[in-house]
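As a basis for the values below, the full set of heavy atoms in this structure was taken, side chains included, without hydrogen atoms, waters or symmetry mates. First the proteins, then the strands, lettered A, B, ... as listed; each starts at 1.
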Amino acid sequence: MFSKSILNWYNENKRDLPWRNKPEAYFVWLSEIMLQQTRVAQGLPYYLRFVEEFPTVHDLAEASQEKVLKLWQGLGYYSRARNLHDTAKVVSVNFGGIFPNNYKDLKKLKGVGDYTASAIASIVYHEPVAVVDGNVYRVLSRFFGVETPINSTEGVKQFKALATKMLAEKSPGLYNQAIMEFGALHCKPKNPQCVTCPVQSNCIAFQQNKAGELPVKLKKQKVRERFFNFLVFQDVKGQMLLQKRVEKDIWQHLYQFPLIESKHNLTLAEIKKTALLDNEKKVLQSIKRWNENPIKHVLSHQKIWAIFWCVEVKKLPENIQNTQQIVNKQELVKFAVPVLMEKFINSKNG
DNA sequence: AACACGGGGGC
DNA sequence: GCCCCAGTGTT
């Protein structure tokens, strides 16, 4: 039978991961949030740093948002970090540090959707609820030869029902982890290991040699192109201007150098004409384009072309906006910045 | 129902 | 260059 085979496979092949040792709600929750749309290999070092820094949900709740975002820097999908922090405060203050102990109440937490609520409820509290993540979609669509697109409304319903039917009710937490681990390590998107598969004899995709065509997924979204011109101000004392991204957009609440977004990347003449204020022109010493060709930075829905302009001035403006800060060059590392910015900063220092 | 939201890695 | 990753929230 399927569930039993998957559980046996898991026993022999599972990775040794820190949150699996002794399932506790705080650690399982933390790991599940971090692993949303994120590979274990990428999330693991972040998990270890968070646990080290915030051993309990109270420690996380009491930290500043700045610190949480700084530790999250580079992991992407930053709303996860903000929701994580909000939820930590709710659990710490309103619930006395105790997480809800069932699917229905877990799902009410910010950043906890169907998948994460199912994962915590089953792994920590042994509630028989099935997880459906990218791995489960792949394993089940292949095993049963289901061609319904996994990102259609019908597909979401169908696969949740199928996953629920296959759930090993006596050990839902172990089974959920087992089918995900099996999908991640064995029934992989590319080059699945069908030859050594424990359930190959009942797998439709294997029988019909179509594992490569499953799961079916609806189209791909279009990517928007954007053109960023960063102004890297620096005065004679090595002080720089930094501003927080507050608008509802990518990288919300992260820091950046003052940015001019335009329909195309600006030329030096255009920068001088439109980007610099009169009082900035008066104290301007030099302005140099740092990268000859725009840097391409690709996000899931956007392609960004970035140019960094190094602007040396005698002094920084004194009346700055409340989203801006004047910082020393050495202090830059304290701020959470997009990876695009981090790469620029590192190359300047190294 | 469709879209926005990051960054890294495999092939 | 394209696809995928222990998905969620908003419109």
**Q** With a 3.5 Å cut-off and no angle check, do the side chains of A/Asp114 and A/Tyr103 form a donor-acceptor pair?
**A**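 Yes, side-chain donor-acceptor contact under 3.5 Å.
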**Q** The side chain of A/Arg39 is closest to which nucleotide in this list: C/dG7, B/dG8, B/dG7?
**A**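 Looking only at side-chain atoms, A/Arg39 lies closest to B/dG8.
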**Q** Let me know the distance between CG of A/Asn151 and P of C/dC5, rounded to the nearest Å.
**A**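 Distance, rounded to whole Å: 12 Å.
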**Q** Which part of the nucleic acid, if any, lies within contact of A/Trp72, taking any heavy atom under 4.0 Å across all strands shown: a base, the sugar-phosphate backbone alone, or nothing?
**A**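 Touches nothing.
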**Q** Strictly by Watson-Crick or wobble contacts shorter than 3.5 Å, is anything paired with B/dG6, and which nucleotide is it?
**A**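 Here B/dG6 is not engaged in any pair, so there is no nucleotide opposite it.
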**Q** Would you say C/dG7 has OP1 or OP2 under 4.0 Å from some side-chain N or O of A/Gln37?
**A**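 Yes, because at least one side-chain N or O of A/Gln37 sits under 4.0 Å from OP1 or OP2 of C/dG7.
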**Q** How would you label the contact of A/Asn176 with the nucleic acid (heavy atoms, under 4.0 Å): base, sugar-phosphate, or nothing?
**A**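 No contact.
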**Q** Grab the OH-C1' distance between A/Tyr78 and B/dG7 for me, whole Å please.
**A**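 My rounded result for the distance is 7 Å.
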**Q** Nearest to the side chain of A/Ser300, which nucleotide is it out of B/dG10, B/dG6, C/dA6?
**A**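 Comparing B/dG10, B/dG6, C/dA6 against the side chain of A/Ser300, the answer is B/dG6.
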**Q** Should A/Gln302 be listed as having a side-chain N or O under 4.0 Å from OP1 or OP2 of B/dG6?
**A**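 Checking A/Gln302 against B/dG6: no side-chain N or O falls below 4.0 Å of OP1 or OP2.
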**Q** So, is A/His297 close to the B/dG7 phosphate, meaning a side-chain N or O under 4.0 Å from OP1 or OP2?
**A**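 A/His297 to B/dG7 OP1/OP2: side-chain N or O found under 4.0 Å.
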**Q** Taking the same atom, P, in B/dG8 and in C/dG9, what whole-Å distance lies between them?
**A**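 Going atom to atom, P in each nucleotide, I get 24 Å.
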**Q** Among the nucleotides B/dG8, C/dA6, B/dA4, which one has an atom lying closest to any side-chain atom of A/His301?
**A**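 Output: B/dA4.
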**Q** Quick check: are there more than 12 heavy atoms from other residues, nucleotides or ligands sitting under 6.0 Å from NZ of A/Lys14?
**A**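 Correct, the count exceeds 12.
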**Q** Can you check the distance between C/dC4 and B/dC5, where both ends of the measurement are the C1' atom (answer in whole Å)?
**A**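 So the two C1' atoms sit 16 Å from each other.
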**Q** How would you label the contact of A/Ser79 with the nucleic acid (heavy atoms, under 4.0 Å): base, sugar-phosphate, or nothing?
**A**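 If one applies the 4.0 Å heavy-atom cut-off, A/Ser79 turns out to touch nothing in the nucleic acid.
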**Q** C/dG1 P sits how many Å from A/Glu225 CD, rounded?
**A**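 Spelled out: CD on A/Glu225 to P on C/dG1 is 11 Å.
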**Q** Please give me every residue in residues 116-150 of chain A whose heavy atoms get under 4.0 Å of an atom in DNA chain B, ordered by residue number.
**A**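 Correct list: empty, so none.
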**Q** Indicate, with a heavy-atom threshold strictly under 4.0 Å, whether A/Lys188 touches base, sugar-phosphate, or nothing.
**A**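 Result for A/Lys188 = nothing.
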**Q** Between B/dC5, B/dC11, B/dG7, which nucleotide gets closest to the side-chain atoms of A/Tyr77?
**A**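 So the side chain of A/Tyr77 is nearest to B/dC5.
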**Q** Can you tell me which nucleotide in B/dG6, B/dC5, C/dA6 comes closest to the side chain of A/Trp251?
**A**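 Among B/dG6, B/dC5, C/dA6, the one nearest the side chain of A/Trp251 is B/dG6.
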**Q** Could you check whether the side chain of A/Gln42 and the base of B/dG7 have a donor-acceptor pair of N or O atoms closer than 3.5 Å, going by distance alone?
**A**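 Side chain to base: pair found, below 3.5 Å.
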**Q** Can you tell which of B/dG7, C/dT10, C/dG7 lies closest to the side chain of A/Lys248?
**A**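 The closest nucleotide is C/dT10.
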**Q** Given C/dG7, B/dG6, B/dG7, which nucleotide is nearest the side-chain atoms of A/Val339?
**A**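 Looking only at side-chain atoms, A/Val339 lies closest to B/dG7.
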**Q** Taking everything shown except A/Ile98 itself, do over 12 heavy atoms lie less than 6.0 Å from its CD1?
**A**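 No.
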**Q** Is there, by distance only and without an angle test, a donor paired with an acceptor across the side chain of A/Thr38 and the base of C/dG7 below 3.5 Å?
**A**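 Answer is no: no donor-acceptor pair is held.
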**Q** Using the benzene-type ring in the case of Trp, are the ring centres of A/Phe182 and A/Tyr10 under 6.0 Å apart?
**A**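 No: the rings miss the under 6.0 Å criterion.
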**Q** Can you tell me how far P in C/dT11 sits from the matching atom in B/dG6, rounded to whole Å?
**A**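 Pairwise P distance, C/dT11 against B/dG6, rounds to 15 Å.
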**Q** When the nearest nucleotide of DNA chain C is assigned to A/Ser31 and to A/Val112 on a heavy-atom basis, which residue is associated with the more 5' position?
**A**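 Nearest nucleotide further toward 5': that of A/Ser31.
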**Q** Nearest whole Å is fine: how far is B/dG8 P from A/Gln36 CD?
**A**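 Result: 18 Å.
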**Q** Taking for each residue the nucleotide of DNA chain B bearing the nearest heavy atom, is the 5' side occupied by A/Lys190 or by A/Arg80?
**A**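 Nearest-nucleotide comparison on DNA chain B picks A/Arg80.
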**Q** Tell me: CG of A/Leu299 to P of B/dC3, nearest whole Å?
**A**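 It is 17 Å, rounded to the nearest whole Å.
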**Q** What nucleic acid atoms does A/Leu75 come within less than 4.0 Å of, heavy atoms only: base, sugar-phosphate, or nothing?
**A**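 Answer is base: heavy atoms of A/Leu75 come under 4.0 Å of a base.
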**Q** In whole Å, I'd like the distance from the CG atom of A/Leu214 to the P atom of C/dC4.
**A**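 These atoms are roughly 12 Å apart.
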**Q** Of all the choices, C/dC4, B/dG7, B/dC11, which nucleotide is nearest to the side chain of A/Lys217 once you look at every atom?
**A**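 Of all the options, the side chain of A/Lys217 is nearest to C/dC4.
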**Q** Where does the angle between the aromatic ring planes of A/Phe228 and A/Phe230 fall among parallel (under 30°), tilted (30 to 60°) and perpendicular (over 60°)?
**A**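 If you compare the ring of A/Phe228 with that of A/Phe230, the planes turn out perpendicular.
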**Q** So, A/Glu270 and A/Thr267: side-chain donor and acceptor under 3.5 Å apart, yes or no?
**A**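 Side chains of A/Glu270 and A/Thr267: pair found under 3.5 Å.
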**Q** Rounded to whole angstroms, how far apart are OH on A/Tyr47 and P on C/dC5?
**A**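 Answer to the nearest Å: 23 Å.
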**Q** Would you say the ring centers of A/Phe344 and A/Trp290 fall short of 6.0 Å from each other?
**A**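 So the answer is yes for these two rings.
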**Q** For the backbone of A/Leu75 and the side chain of A/Arg80, can you confirm whether one donor and one acceptor N or O come within less than 3.5 Å of each other?
**A**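 Yes, the answer is positive, given that a donor and an acceptor are paired below the 3.5 Å cut-off.
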**Q** For A/Asp86 and A/Lys110, what are the C-alpha separation, side-chain angles and deciding distance, and is it a salt bridge (Lys or Arg N to Asp or Glu O under 4.0 Å)?
**A** CA-CA 7 Å; A/Asp86 288 348; A/Lys110 263 193 198 172; 3.0 Å; yes
**Q** For DNA chain C, whose closest nucleotide is more 5', that of A/Lys296 or that of A/Leu109?
**A**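 Result: A/Lys296.
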**Q** Starting at CG of A/Leu218 and ending at P of C/dC4, how long is that distance when rounded to a whole Å?
**A**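 The distance from CG of A/Leu218 to P of C/dC4 comes to 12 Å, rounded to the nearest Å.
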**Q** Over all strands shown, is A/Arg82 touching base, sugar-phosphate only, or nothing at heavy-atom distances under 4.0 angstrom?
**A**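 No contact.
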**Q** Counting side-chain heavy atoms from CB outward, which of C/dA6, B/dG6, B/dG7 is closest to A/Leu35?
**A**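 Between C/dA6, B/dG6, B/dG7, the one nearest the side chain of A/Leu35 would be C/dA6.
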**Q** Check A/Glu32 against A/Ile123 and note the closest heavy-atom contact, atom names and distance.
**A**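 Between these two residues, the closest heavy atoms are OE2-CD1, 3.9 Å.
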**Q** Taking atom C1' in both C/dT8 and B/dG9, compute the distance separating them and give it to the nearest angstrom.
**A**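 About 23 Å, rounded to a whole number of Å.
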**Q** Indicate, with a heavy-atom threshold strictly under 4.0 Å, whether A/Gly113 touches base, sugar-phosphate, or nothing.
**A**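 Sugar-phosphate contact only - A/Gly113 comes under 4.0 Å of backbone atoms but never of a base.
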